[in-house]
Structure formats: structure tokens, C-alpha cells
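Below is one structure, written out as C-alpha cells; comments come after it.
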Amino acid sequence: MARRYDCNDATDRTTGLREAASAVRRGELVVLPTDTVYGIGADAFSSQACMDLLDAKGRGRNMPTPVLIGSPNTLHGLVTDFTEQAWELVDAFWPGALTLVTRHQPSLQWDLGDTRGTVAIRMPLHPVAIELLTEVGPMAVSSANLTGHPAPEDCDAAQGMLGDSVSVYLDGGPTPGIVPSSIVDVTGKVPVLLRAGALTADELRKVVPDLEVAN
């Protein structure tokens with residue numbers, strides 16, 4: 001039976017974060033609020049948990065799960081060939097709605113799907129998410145919806161779709177909006193905007209003027 005905690009209540013929030021952290025460490029799934037939509041998350045280093053996440057969404061390995069982190073410093077242990085421009089984007093827009101596609105350390109023991117040596121990584125601007133990520137470390141997190149259904153803006157919608165496939169629901173109230181994060185590929189010499197979302201190309205070019213936009 002899934003457990004749900006109201007993170008707008010101080011006592012419930014403390015208990016919920018503790019229970020969510022324990023669930024993640026056991027390889028179970030949790031739902032958490034972010035600054036875009038609600039996400040379904042798992043321990044990024046548990047291959048089985050990551051596969052359970054894809055199964056819960058009805059999603060294939062060809063759509064690997066992004067990773068959320070609680071601090072930019074965590075990048076040092078996860079990525080390689082991270083360019084100066086990539087760091088400039090981090091400094092300007094994290095925490096926030098910017099996802100960076102970068103090469104991950106080849107030594108990492110994780111299986112997020114068919115990533116081909118890359119990872120989509122972000123630091124969300126949401127206190128509940130950051131507190132959980134600080135406690136448990138990097139999490140594989142995708143929008144908390146069944147594939148093909150709208151991404152949920154509240155915990156009710158997430159729970160209605162995912163039910164008992166999730167152990168703990170952290171209810172932080174409605175999210176600010178359904179505008180997704182912008183995705184920038186920083187694996188090459190020139191950053192490439194793969195998806196315009198909360199941040200436009202013009203906003204990003206204020207930091208990295210040579211940003212290109214994918215066709």
C-alpha cells in the first residue's frame with residue numbers, strides 16, 4: 001500500500017522525507033514534486049529500480065530516464081568532458097528548469113536505459129526535491145505519468161496513474177506549471193538546444209552566445 005505525506009505540514013514533511021529516503025535506499029519508487037511537474041524517482045545506481053521506473057510508466061529502454069541531483073558539486077563524480085560553457089550554464093540556471101545532456105563517467109555502475117554513454121541531468125528548484133536528493137544522492141527521475149498521458153501538476157493526478165507501483169508520495173501541492181525544462185546538449189564543442197522549454201534560446205544565448213538550435 002502506497003503512503004502519502006503532505007509536505008506543507010511540517011511534521012508530515014519530516015516523516016515523508018524520511019520514509020521516501022528509506023524507500024529509495026530499498027530500491028523502491030517514490031513520487032516527488034519538482035519545479036516543473038511531479039516526478040517518479042528511484043535510486044540512479046539501482047539498475048532494477050530504474051527498470052521498475054520504466055515499467056511503472058510503460059516506457060521502453062529507448063527513452064532513458066534523466067537524473068536529478070541536489071548540488072552542482074555532484075557533477076564532478078558523474079560527468080566527464082564537461083566544457084567551460086556547460087559550467088557557465090550551470091552557474092547561470094541551476095537550480096532551475098535546464099537539463100544538460102552530457103557524457104557520464106564510463107566507470108559508473110548504473111543502467112538508466114539506452115543512454116549511449118550520455119546522461120540528461122538537472123538540479124530542480126524545489127525545496128522538497130532538493131532535500132530528498134541531498135539525503136539519498138542522484139536519482140533517476142521522470143515525469144510521474146503513464147506514457148502517453150499528461151504530466152501531472154499535482155499529487156492526485158500522479159497517484160491516480162501510478163497507484164501502488166510507487167511506495168511513497170510526497171505531496172507538495174500544485175507545481176508551478178507544466179512547462180518542461182529546456183534541454184541543452186553539451187557533449188560537443190558548441191551547445192545545442194534540443195528542446196525549448198522554460199528557457200528560450202535567447203535567454204540561453206545571454207550565457208552561451210554560440211548556442212545552436214537543433215532542427
Side-chain angles (χ1 to χ4, degrees), residues 30-42 44 50 53-54 57 59 62-75 78-79 82-83 85-104 112-113 115 118-134 137-155 157-158 170 172-188 190-208 211-215:
V30 302
V31 160
L32 63 155
T34 78
D35 50 341
T36 54
V37 295
Y38 272 77
I40 177 174
C50 291
L53 189 159
L54 292 176
K57 286 177 58 72
R59 185 169 175 169
N62 62 315
M63 298 180 70
T65 308
V67 169
L68 296 187
I69 59 176
S71 168
N73 291 332
T74 307
L75 284 170
L78 300 181
V79 304
F82 208 63
T83 65
Q85 287 180 312
W87 282 115
E88 289 171 354
L89 288 168
V90 167
D91 290 342
F93 299 112
W94 279 15
L98 174 64
T99 297
L100 296 177
V101 176
T102 181
R103 300 192 189 284
H104 67 72
L112 304 167
T115 64
T118 65
V119 61
I121 197 162
R122 184 168 87 88
M123 180 183 175
L125 181 58
H126 195 289
V128 173
I130 288 178
E131 193 166 342
L132 180 60
L133 292 162
T134 300
M139 290 179 63
V141 179
S142 182
S143 55
N145 60 298
L146 297 175
T147 297
H149 290 69
E153 297 177 70
D154 58 49
C155 200
L170 296 177
T175 59
I178 59 171
V179 179
S181 66
S182 297
I183 302 176
V184 175
D185 185 336
V186 293
T187 59
V190 177
V192 178
L193 179 62
L194 301 180
R195 180 182 76 188
L199 296 167
T200 66
D202 286 343
E203 289 175 294
L204 293 163
R205 285 193 176 112
K206 292 176 183 177
V207 178
V208 284
L211 175 84
E212 295 180 355
V213 178
N215 295 324

Would one find more than 12 heavy atoms of other residues, nucleotides or ligands at under 6.0 Å from atom CZ of R103?
no

Run the side-chain contact (heavy atoms from CB on, under 4.5 Å) check on L132 and V30 step by step: do they pass?
CA-CA 10 Å; L132 180 60; V30 302; 4.2 Å; yes

Side-chain heavy atoms of E212 within contact of P191, under 4.5 Å:
no

Does a side-chain heavy-atom distance below 4.5 Å link L133 with M139?
yes

Any side-chain heavy-atom pair from P138 and L78 closer than 4.5 angstrom?
yes

Flag the pair P180 / T36 as yes when at least one side-chain heavy-atom distance between them is below 4.5 Å, and no otherwise.
no

Working for side-chain hydrogen bond (donor to acceptor under 3.5 Å, both in side chains), residues T65 and S142
CA-CA 6 Å; T65 308; S142 182; 5.6 Å; no

So which heavy atom on G39 is nearest to which on A144, and how close?
C-CB, 3.6 Å

Quick check: does any side chain N or O of K57 sit under 3.5 Å from a backbone N or O of I40, one acting as donor and the other as acceptor?
no

Distance from L89 atom CG to T102 atom OG1, nearest 0.5 Å?
11.0 Å

Heavy atoms of P124 and T34 approach each other most closely as CB-CB, 4.4 Å

Measure from the side-chain N and O atoms of W94 to the backbone N and O of L98, and report whether any donor-acceptor pair falls under 3.5 Å.
yes

Any non-hydrogen side-chain atom of V67 less than 4.5 Å from a side-chain atom of V141?
no

Check against side-chain contact (heavy atoms from CB on, under 4.5 Å), V190 and L211:
CA-CA 6 Å; V190 177; L211 175 84; over 6 Å; no

Begin from the C-alpha positions of I69 and I121 and carry the test side-chain contact (heavy atoms from CB on, under 4.5 Å) through to its verdict.
CA-CA 7 Å; I69 59 176; I121 197 162; 4.0 Å; yes

Interatomic spacing from CG in L54 to CG in N62 - rounded to 0.5 Å
9.0 Å

Between atom CG of L193 and atom CG of D185, what is the distance when rounded to the nearest 0.5 Å?
10.5 Å

What distance separates L112 CG from H104 NE2, expressed to the nearest 0.5 Å?
7.0 Å

Could you go through S143 and N145, starting from their C-alpha distance and side-chain angles, then the distance that decides it, and tell me whether this counts as side-chain hydrogen bond (donor to acceptor under 3.5 Å, both in side chains)?
CA-CA 6 Å; S143 55; N145 60 298; 2.5 Å; yes

Rounded at 0.5 Å granularity, tell me how far CZ in R122 sits from OG in S182.
10.0 Å

So L170 and V31, do their side chains get closer than 4.5 Å, heavy atoms only?
no

For C50 and A140, which heavy atoms make the closest approach, and how far apart are they?
SG-CB, 3.8 Å

The reported gap from CD in E131 to CG in L32 (rounded to nearest 0.5 angstrom) is 12.0 Å

If you take all heavy atoms of P72 and M123, which pair is closest and at what distance?
CD-SD, 3.5 Å

Is there a side-chain contact (heavy atoms from CB on, under 4.5 Å) between V213 and V192 once you walk through the steps?
CA-CA 5 Å; V213 178; V192 178; over 6 Å; no

Does H126 reach the side chain of P95, with side-chain heavy atoms less than 4.5 Å apart?
no

Main-chain N/O of Y38 paired to T175 side chain as donor or acceptor, under 3.5 Å:
no

Correct closest heavy-atom pair for L199 and A97 would be CD1-O, 3.9 Å

In short, L194 meets A214 closest at the heavy-atom pair CD2-CB, 4.1 Å

V186 versus V101: any side-chain heavy-atom pair under 4.5 Å?
no

